[in-house]
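Structure, as structure tokens:
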2 protein chains.
Amino acid sequence: MTSRRDAVHDTLRRSDGFRSAQDVYAQLRSDGAKIGLTTVYRALQALADGGLIDVLRTDDGESVYRACATDAHHHHLVCRRCGRTVEVAGPAVERWAEAVGAEHGFSEVTHTVEVFGTCADCATAKAG
Amino acid sequence: MTSRRDAVHDTLRRSDGFRSAQDVYAQLRSDGAKIGLTTVYRALQALADGGLIDVLRTDDGESVYRACATDAHHHHLVCRRCGRTVEVAGPAVERWAEAVGAEHGFSEVTHTVEVFGTCADCATAKAG
DNA sequence: ACCGATTTTGACAACCGTTTTCATTTTGCC
DNA sequence: GGCAAAATGAAAACGGTTGTCAAAATCGGT
């Protein structure tokens with residue numbers, strides 16, 4: 001029943017950044033879990049639908065998932081080198097998006113915001 | 001040479017919102033153009049690389065393209081019903097992204113921001 | 001515990017957008 | 001014209017994702 005889904009969820013929780021479905025699948029298998037790729041996809045979808053994990057799309061169209069600390073609305077600051085992710089709240093952005101929408105007569109405004117950068121550690125590693 | 005690329009570019013310019021590659025291809029064909037899907041993809045990539053058009057990913061992973069009025073950095077306010085797109089500048093967001101990155105020690109900060117909503121016309125159409 | 005009904009699972013095939021391959025065509029240049 | 005380089009496009013390959021469907025696990029009632 002939920003054991004597989006929990007396994008998927010746990011795997012995500014143990015990860016620092018966003019992981020792809022295939023990634024999670026490989027991890028579970030190497031951990032000795034008996035699970036199929038199909039089930040991993042289904043579990044990830046179910047978790048995402050239930051708001052238990054966050055999804056976003058890579059630049060090359062891959063879906064990546066993450067178990068986030070909060071289920072409140074937030075955005076991500078992702079290191080493009082090591083994938084480390086920081087959850088950030090952005091009241092200013094929320095307000096801006098709302099204002100921009102209203103200004104042009106748009107209603108039911110939603111938005112996607114992701115910030116990418118090189119984290120301090122990776123910057124040091126690169127420089128040193 | 002560039003004739004096919006120009007045809008692709010023109011097709012985008014004639015469109016109001018973001019169009020998918022296959023979309024552009026279908027349009028060109030129905031316009032009587034003799035062009036292959038491969039070439040459309042290549043043209044779109046070339047145009048995107050050259051900064052002549054903007055690319056973004058749909059929620060279902062499809063790449064969509066748009067000929068934008070300016071090549072300066074800007075974001076989009078897209079009607080989720082009719083696809084109509086307004087280009088918006090967001091100095092506040094730029095600053096916010098930069099600040100958030102700096103706050104967590106991230107450098108070379110970039111960001112993706114897209115705003116979706118229902119435009120006035122579509123809202124009226126729905127209500128009426 | 002037994003049995004049937006329902007749900008979950010997963011190997012495999014299908015899908016779909018995209019990319020690659022490669023032979024052909026077109027173009028640029030002399 | 002003639003040749004090399006670039007562009008083209010049909011078809012095949014690719015990769016992530018989703019659908020199929022039969023087998024296995026689970027649940028409910030008794």
Side-chain angles (χ1 to χ4, degrees), chain A residues 1-12 15 17-67 76 78 80 83 112 114, chain B residues 1-12 15 17-67 78 80 83 85 112 114:
Chain A
M1 306 291 232
T2 62
S3 70
R4 312 305 169 109
R5 178 152 60 192
D6 286 346
V8 168
H9 200 177
D10 283 348
T11 300
L12 279 184
S15 299
F18 282 86
R19 311 283 306 266
S20 73
Q22 319 247 1
D23 220 5
V24 171
Y25 171 67
Q27 170 93 54
L28 281 164
R29 296 301 289 235
S30 82
D31 287 356
K34 274 191 58 212
I35 191 172
L37 182 55
T38 310
T39 305
V40 172
Y41 273 105
R42 273 194 289 242
L44 288 170
Q45 268 170 280
L47 290 167
D49 285 352
L52 282 82
I53 61 177
D54 281 6
V55 197
L56 64 86
R57 291 264 179 183
T58 311
D59 275 350
D60 56 303
E62 212 178 359
S63 292
V64 287
Y65 307 83
R66 176 158 204 258
H76 297 106
V78 185
R80 68 166 66 83
T112 66
E114 302 301 336
Chain B
M1 336 211 327
T2 61
S3 70
R4 311 306 171 102
R5 178 152 60 194
D6 285 347
V8 169
H9 200 178
D10 284 348
T11 300
L12 279 185
S15 300
F18 282 86
R19 312 284 306 266
S20 73
Q22 320 247 2
D23 221 5
V24 171
Y25 170 67
Q27 170 95 50
L28 281 164
R29 296 301 289 238
S30 83
D31 287 355
K34 274 191 58 212
I35 190 171
L37 182 55
T38 311
T39 305
V40 172
Y41 273 105
R42 274 194 287 243
L44 288 170
Q45 268 171 282
L47 289 167
D49 285 352
L52 282 82
I53 61 177
D54 281 5
V55 197
L56 66 86
R57 291 265 178 181
T58 311
D59 274 350
D60 55 302
E62 211 179 358
S63 293
V64 287
Y65 306 85
R66 177 161 204 258
V78 185
R80 68 166 67 83
T85 301
T112 66
E114 304 299 337

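Lettering follows sequence order; numbering is per chain, from 1. What you see is a predicted model, and the numbers here were worked out from it, not measured in a lab.
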Revision key, fill the gap. Heavy-atom nearest pair, Arg5(B) first then Ala43(B), reads CA-CB, 4.0 Å
Review point. Under 4.0 Å: is that the gap between some side-chain N or O of Gln45(A) and OP1 or OP2 of dT17(D)?
Key: no
Review point. Judged by atom type as modelled, is there a donor-acceptor pair below 3.5 Å linking the side chain of Arg4(A) to the main-chain atoms of Val40(A)?
Key: no
Point to revise | Options dG10(C), dT17(D), dT18(C), nucleotide nearest the side-chain atoms of Gln22(A) | key: dT17(D)
**Study point:** Phosphate OP1/OP2 of dT8(D) contacted by Thr38(B) side-chain N/O (<4.0 Å)
**Key:** no
Review point. Do you know which two heavy atoms are closest between Ser15(A) and Thr11(A), and how far apart they sit?
Key: OG-O, 3.1 Å
Check your understanding: Just wondering, do Val8(B) and Thr39(B) contact through their side chains at under 4.5 Å, heavy atoms?
Key -> no
Review point. CZ of Arg5(B) versus P of dA6(D): gap in Å, rounded?
Key: 14 Å
Exercise for review: Can you tell me the distance, in whole Å, between the OH atom of Tyr25(B) and the P atom of dC16(C)?
Suggested key: 16 Å
Check your understanding: Counting only side-chain N and O atoms of Arg4(A), is one of them less than 4.0 Å from OP1 or OP2 of dG10(C)?
Key -> yes
Study note, to complete from the structure: When rounded to whole Å, the CD1 to C1' distance for the pair Ile35(A) and dA11(C) reads 14 Å
Review point. In dot-bracket notation, what is the pairing pattern of DNA chain D, taking Watson-Crick (N1-N3 plus N6-O4 or O6-N4) and G-U wobble (N1-O2 and O6-N3) contacts under 3.5 Å, with [ ] crossing and | for other strands?
Key: ||||||||||||||||||||||||||||||
Practice item. Could you tell me the separation between the CZ atom of Phe18(B) and the P atom of dG17(C), rounded to a whole number of Å? Key: 19 Å
**Study point:** Distance test, side-chain N/O of Thr39(A) to OP1/OP2 of dT8(C), below 4.0 Å
**Key:** no
Check residues 49-61 of chain A and write down every donor-acceptor pair under 3.5 Å in which the side-chain atom is one partner and the other belongs to a residue at least two apart or another chain.
| unit_1 | atom_1 | unit_2 | atom_2 | d |
| --- | --- | --- | --- | --- |
| Asp54(A) | OD2 | His74(A) | NE2 | 3.1 |
| Asp54(A) | OD2 | His76(A) | NE2 | 3.4 |
| Arg57(A) | NE | Asp59(B) | O | 3.1 |
| Arg57(A) | NH1 | Gly61(A) | O | 3.0 |
| Arg57(A) | NH2 | Asp59(B) | O | 3.0 |
| Thr58(A) | OG1 | Glu62(A) | O | 3.2 |

Revision key, fill the gap. Heavy atoms of Gly36(A) and Tyr25(A) approach each other most closely as C-CE1, 3.6 Å
Practice item. Give a yes or no on whether a donor-acceptor pair under 3.5 Å exists between the nucleobase atoms of dG10(C), that is its base, and the side chain of Arg42(A). Key: yes
Check your understanding: Do Ile35(A) and Arg29(A) have side chains that get closer than 4.5 Å, going by heavy atoms?
Key -> yes
Review point. With a non-hydrogen cut-off below 4.0 angstrom, is Ser20(A) in contact with a base, only sugar-phosphate, or nothing?
Key: nothing
Practice item. Taking the side chain as every heavy atom from C-beta outward, state whether Leu47(A) and Tyr65(A) have any pair of such atoms under 4.5 Å apart. Key: no
Check your understanding: Just how far, in rounded Å, is P of dA7(D) from CG of Leu44(B)?
Key -> 16 Å
Point to revise | Nearest-nucleotide pick for Tyr41(A), side chain only, options being dT17(D), dG9(D), dT18(C) | key: dT17(D)
Practice item. Figure out the CG/C1' separation between Asp23(B) and dC16(C), and round it to whole Å. Key: 15 Å
**Study point:** For atom CG of Leu37(B) and atom P of dT20(C), their distance in whole Å
**Key:** 14 Å
Review point. Between dG9(D), dG17(C), dA11(C), which one does the side chain of Glu62(B) approach most closely?
Key: dG17(C)
**Study point:** Residue Ala21(B), side-chain heavy atoms: nucleotide from dT8(D), dT18(C), dT20(D) that is nearest
**Key:** dT18(C)
Study note, to complete from the structure: Between CG of Asp6(B) and P of dT27(C) the distance, given in whole Å, is 13 Å
